[in-house]
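Here's the structure, in structure tokens; my notes come after.
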Amino acid sequence: MILIERNNETIFNQAIRTAEILVKMIGPRCEVAVHDFSNLEQSLIHLSGTITEREVGSPITDLVLQELQRAGDEVKDFANYKTVSKKGIVMKSSTVFLRDEQNAVIGALCVNIDVSFLMRIGNEIQEFTKFNDEKAHQENFHTTVQDVIEDMTQQAFQRFHNTPASLEMDEKIEVIRELEQKGAFLIKGSPEYLANVLGVSKFTIYNYLQKIRTESSLNTL
């Protein structure tokens with residue numbers, strides 16, 4: 001059972017009602033997800049529609065995680081971006097961030113509309129399927145938080161030719177730097193998982209992370 005903080009219950013209830021009515025209005029090719037950021041590992045508290053085949057209790061997507069890491073409470077809503085599901089369904093997606101009375105980001109309402117069938121129709125519906133950015137955003141819809149961490153870690157390893165445990169120290173630091181920029185360490189268990197993959201201790205990961213964060217702070221002065 002997913003619990004919602006009492007102070008934000010009204011906000012999330014309104015978001016859930018909005019999700020339900022959008023799917024009823026648009027139909028079965030629409031999916032609307034409501035996320036509670038108080039628990040990023042199980043942020044999905046409501047799902048209307050089944051396009052991405054997720055379930056309540058699934059983790060936040062990597063795209064939203066990256067935006068939160070980059071901008072925090074200054075993050076902006078983003079609309080009409082192109083995503084693709086695991087089964088190749090092309091979707092027109094939008095994300096609205098939910099905020100409390102202090103304007104702090106507490107969650108998100110995410111709309112995904114299956115436009116694959118429309119794209120097959122041709123030129124007469126070209127305007128409807130136009131995206132603000134024709135380049136597809138790299139957003140993966142995971143069903144477990146372990147999948148989120150593993151996927152982000154594997155992406156970080158792609159530019160190196162050695163096995164993770166065989167990387168030089170500076171290469172391992174670069175992997176951690178990339179994961180830090182992508183918001184991977186907002187997820188509980190990331191340091192432990194990465195330590196196991198790299199063949200180092202959890203404390204070594206924390207030391208590398210502290211070094212990266214210190215350098216980042218100095219560079220912003």
Side-chain angles (χ1 to χ4, degrees), residues 2-26 30-52 54-85 90-115 130-145 147-149 151-152 179-188 190 216 220:
I2 304 300
L3 299 178
I4 301 173
E5 291 185 14
R6 183 170 297 276
N7 291 342
N8 299 325
E9 188 173 355
T10 299
I11 298 172
F12 285 111
N13 284 341
Q14 289 176 340
I16 290 170
R17 288 167 52 212
T18 300
E20 290 288 323
I21 205 70
L22 282 172
V23 172
K24 288 180 180 178
M25 180 179 70
I26 299 173
C30 176
E31 176 192 86
V32 186
V34 178
H35 290 273
D36 180 355
F37 292 167
S38 64
N39 184 354
L40 294 174
E41 292 79 16
Q42 295 180 300
S43 66
L44 185 60
I45 61 171
H46 180 83
L47 187 68
S48 297
T50 57
I51 298 176
T52 59
R54 290 171 293 172
E55 296 179 353
V56 168
S58 292
I60 194 64
T61 68
D62 47 1
L63 176 61
V64 174
L65 195 65
Q66 186 169 329
E67 289 300 308
L68 285 174
Q69 174 70 5
R70 182 183 61 81
D73 284 336
E74 300 300 318
V75 67
K76 304 295 183 183
D77 301 335
F78 38 104
N80 299 336
Y81 57 94
K82 181 181 178 182
T83 53
V84 182
S85 76
V90 179
M91 296 176 290
K92 189 174 186 178
S93 302
S94 295
T95 295
V96 178
F97 290 96
L98 306 175
R99 299 176 182 274
D100 63 16
E101 294 179 354
Q102 286 72 46
N103 206 39
V105 174
I106 60 171
L109 184 145
C110 305
V111 182
N112 300 309
I113 300 177
D114 176 3
V115 295
K130 184 182 297 182
F131 301 99
N132 288 345
D133 182 1
E134 288 299 328
K135 181 180 179 182
H137 286 269
Q138 186 65 36
E139 181 172 22
N140 299 301
F141 300 94
H142 301 96
T143 55
T144 69
V145 68
D147 288 343
V148 176
I149 299 172
D151 194 34
M152 296 177 80
L179 291 173
E180 165 72 355
Q181 292 171 349
K182 290 184 174 181
F185 294 104
L186 294 175
I187 296 289
K188 295 176 182 177
S190 295
S216 178
T220 58

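We use all heavy atoms of the structure for the numbers below, so side chains are in, but hydrogens, waters and symmetry mates are not.
Contact of the Val64 side chain with the Phe97 side chain is registered, since non-hydrogen atoms from C-beta on lie closer than 4.5 Å. The shortest distance between side-chain heavy atoms of Lys76 and Glu67 does not fall below 4.5 Å. By the 4.5 Å heavy-atom criterion applied to side chains, Leu98 and Phe37 are not counted as neighbours. Using a 4.5 Å heavy-atom cutoff, the side chains of Val90 and Lys82 are in contact.
Here CD1 of Ile149 is found 11.0 Å from CG of Asp151. Values are rounded to the nearest 0.5 Å. The structure places OG1 of Thr52 at 8.0 Å from CG of Leu44, a figure rounded to the nearest 0.5 Å. The distance from the CD1 atom of Ile16 to the CG atom of Leu47 is 11.0 Å, given to the nearest 0.5 Å. Annotation: the span from Leu63 atom CG to Phe78 atom CZ amounts to 4.5 Å, rounded to 0.5 Å.
Among residues two or more places apart in sequence or in another chain, the side-chain contact (heavy atoms from CB on, under 4.5 Å) test is passed with Ser94 by Ala79, Asn80. When the side-chain contact (heavy atoms from CB on, under 4.5 Å) test is applied to Ser85, the partners found at least two apart in sequence or on another chain are Lys87, Ile89, Met91.
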* To do: Dump the intermediate steps for side chain to side chain contact (heavy atoms under 4.5 Å, CB included) on Leu179 and Met152, then the final yes or no.
  => CA-CA 7 Å; Leu179 291 173; Met152 296 177 80; 4.0 Å; yes
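Nearest approach of Phe12 to His35, heavy atoms of both residues: CE2-O, 3.3 Å. What you find for Arg99 and Glu74 is that their closest heavy atoms are NH2-C, 4.4 Å. In this structure, Val111 and Cys30 approach most closely via the heavy-atom pair CG1-SG, 4.3 Å.
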Kindly list each side-chain donor-acceptor pair under 3.5 angstrom involving residues 18-26, sequence neighbours excluded, with atom names and distances?
unit_1 : atom_1 : unit_2 : atom_2 : d
Thr18  : OG1    : Gln14  : O      : 2.8
Glu20  : OE2    : His46  : NE2    : 2.7
Glu20  : OE2    : Ser48  : OG     : 2.8

Only distances under 3.5 Å count here; give the side-chain donor-acceptor pairs of residues 181-188 to other protein atoms, sequence neighbours excluded, each with its distance to 0.1 Å.
unit_1 : atom_1 : unit_2 : atom_2 : d
Lys182 : NZ     : Gln155 : OE1    : 3.3
Lys182 : NZ     : Glu178 : OE2    : 3.3

Give every donor-acceptor pair under 3.5 Å between a side-chain atom in residues 100-110 and any protein atom, sequence neighbours left out.
unit_1 : atom_1 : unit_2 : atom_2 : d
Asp100 : OD1    : Gln102 : N      : 2.9
Asp100 : OD1    : Asn103 : N      : 3.1
Asp100 : OD1    : Ala104 : N      : 2.9

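Using modelled atom types, one side-chain atom of Ser43 and one backbone atom of Ile60 make a donor-acceptor pair closer than 3.5 Å.
Residue pairs meeting the salt bridge (Lys or Arg N to Asp or Glu O under 4.0 Å) criterion with at least one member in residues 104-115, sequence neighbours excluded, are Arg29-Asp114.
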